[in-house]
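Comments concern the structure below.
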Amino acid sequence: LMTLFAFENINAQNIREAFRGVKDSVVVIRTVQKEPSRQSQERGFVSLEGVGSGVLISSDGKVLTAAHVVQSADSVAVQFTDDEVISARVISSARFADVALLQLDRMPDKVTVAALGDSNKTEVGDEVFVVGAPLGLSHSLSVGFIGAKRISRQRMGSFRNAEFLQTDAAINMGNSGGPMFNMKGEVVGIVSNMLSRSG
């Protein structure tokens with residue numbers, strides 16, 4: 001019992017330290033999409049706001065997120081841990097893998113850049129953690145394990161031959177585009193889909 005308690009205590013400290021090291025690189029993505037009004041009494045366009053997550057991966061202002069978070073957005077803003085908000089634009093997108101690269105219009109006052117890891121070295125059973133804005137609650141942490149590595153050979157929406165890391169870390173609306181970290185604090189995945197019985 002003492003050994004198990006000691007292991008759990010060390011593990012919790014490792015996760016705490018890893019989270020502290022990366023949390024300032026994780027951002028909230030806020031989007032606005034203009035659509036024609038569907039109300040018969042209203043004419044013109046309405047603005048639909050969206051929220052997702054992302055991660056700063058370079059010191060020149062590149063942010064990695066999920067393609068579906070920004071693909072139909074008319075404007076994109078990136079919010080940092082100190083609540084500083086900076087406009088950004090999509091410079092690259094791979095819908096088949098559901099990843100997009102944003103470029104900030106300017107650099108924030110303080111910069112914490114996440115390290116990219118090698119997802120090919122990630123194995124089933126590895127402990128991982130996800131940081132993002134589930135339900136709009138920024139910089140929330142969830143911890144889990146890699147449950148499977150899957151190649152989607154069947155067409156799942158627009159996904160074709162993309163590799164997915166399956167995890168039991170809690171993921172909710174708003175986590176999309178957020179980073180999945182290994183225990184070294186390296187980004188090994190970007191949150192794309194949440195599968196549930198309800199769809």
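Under a hydrophobic-cluster definition in which Ile, Leu, Val, Met, Phe, Trp and Tyr are linked whenever side-chain heavy atoms come within less than 4.5 Å, directly or via other members, Leu137 and Val78 are assigned to different clusters. One hydrophobic cluster, built from ILVMFWY side chains closer than 4.5 Å, cannot hold both Val90 and Phe96; they sit in different ones. Using a 4.5 Å cut-off between side-chain heavy atoms of Ile, Leu, Val, Met, Phe, Trp and Tyr, with links allowed through other members, Val113 and Val188 fall into different hydrophobic clusters. The cluster map of Ile, Leu, Val, Met, Phe, Trp and Tyr, joined by side-chain heavy atoms under 4.5 Å apart, puts Leu116 and Ile190 in the same cluster. Under the 4.5 Å side-chain contact rule for hydrophobic residues, Val191 and Val69 do not share a cluster.
Between Glu127 and Val143, the shortest heavy-atom distance links the atoms OE2-CG1, 3.5 Å. Across Asp168 and Phe145, no two heavy atoms sit closer than the pair OD1-N, 2.7 Å. Taking each heavy atom of Val70 and Ala100 in turn, the nearest pair found is CG2-CB, 3.8 Å. Between Asn175 and Ile171, the closest heavy-atom pair is OD1-CA, 3.5 Å. Across every non-hydrogen atom of Leu101 and Leu64, the tightest pair is CD1-CD1, 4.2 Å. Of all non-hydrogen atoms in Ser176 and His68, the two that sit nearest each other are OG-NE2, 3.1 Å.
Atom-to-atom distance recorded for Asn172:CG and Ser140:OG is 9.5 Å, nearest 0.5 angstrom. In this structure, the separation between NZ on Lys184 and NZ on Lys121 is 7.0 Å, given to the nearest 0.5 Å. In this structure, the separation between CG on Asp126 and CE on Met183 is 10.5 Å, given to the nearest 0.5 Å. In this structure, NZ in Lys149 is found 5.5 Å from CG in Asn120, a value given to the nearest 0.5 Å.
When side chains are defined from C-beta on, Ile146 does not count as touching Glu123, because their heavy atoms never get closer than 4.5 Å. Between Phe80 and Asp109 the shortest side-chain heavy-atom distance does not fall below 4.5 Å. Using a 4.5 Å heavy-atom cutoff, the side chains of Val76 and Ile29 are in contact. A heavy-atom distance below 4.5 Å is found between the side chains of Val131 and Leu141. With contacts defined as side-chain heavy-atom distances shorter than 4.5 Å, the pair Ser25/Thr112 qualifies. Side chains of Met180 and Thr122 form no contact here, defined as non-hydrogen atoms less than 4.5 Å apart.
Residue pairs meeting the side-chain hydrogen bond (donor to acceptor under 3.5 Å, both in side chains) criterion with at least one partner in residues 75-92, sequence neighbours excluded, are Asp24-Thr81, Arg30-Gln79, Gln79-Asp83, Glu84-Arg106. Legend: ring pair (Phe, Tyr, Trp, His ring centres under 6.0 Å) pairs involving residues 166-187, not counting sequence neighbours, sorted by first then second residue: Phe129-Phe181.
Asn14 contributes no side-chain N or O that, together with a main-chain N or O of Glu17, makes up a donor-acceptor pair within less than 3.5 Å.
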Can you give me every donor-acceptor pair (side chain of residues 53-63, partner residue at least two apart or in another chain, under 3.5 Å) with its distance?
residue : atom : partner : partner atom : Å
Ser53   : OG   : Ala133  : N            : 2.9
Ser53   : OG   : Gly174  : O            : 2.7
Ser58   : OG   : Asp60   : OD1          : 2.3
Ser58   : OG   : Lys62   : N            : 3.0
Asp60   : OD2  : Lys62   : NZ           : 3.0
Lys62   : NZ   : Gln103  : OE1          : 3.1

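Shown here is Lys34, whose NZ atom has no more than 12 heavy atoms of other residues, nucleotides or ligands within 6.0 Å.
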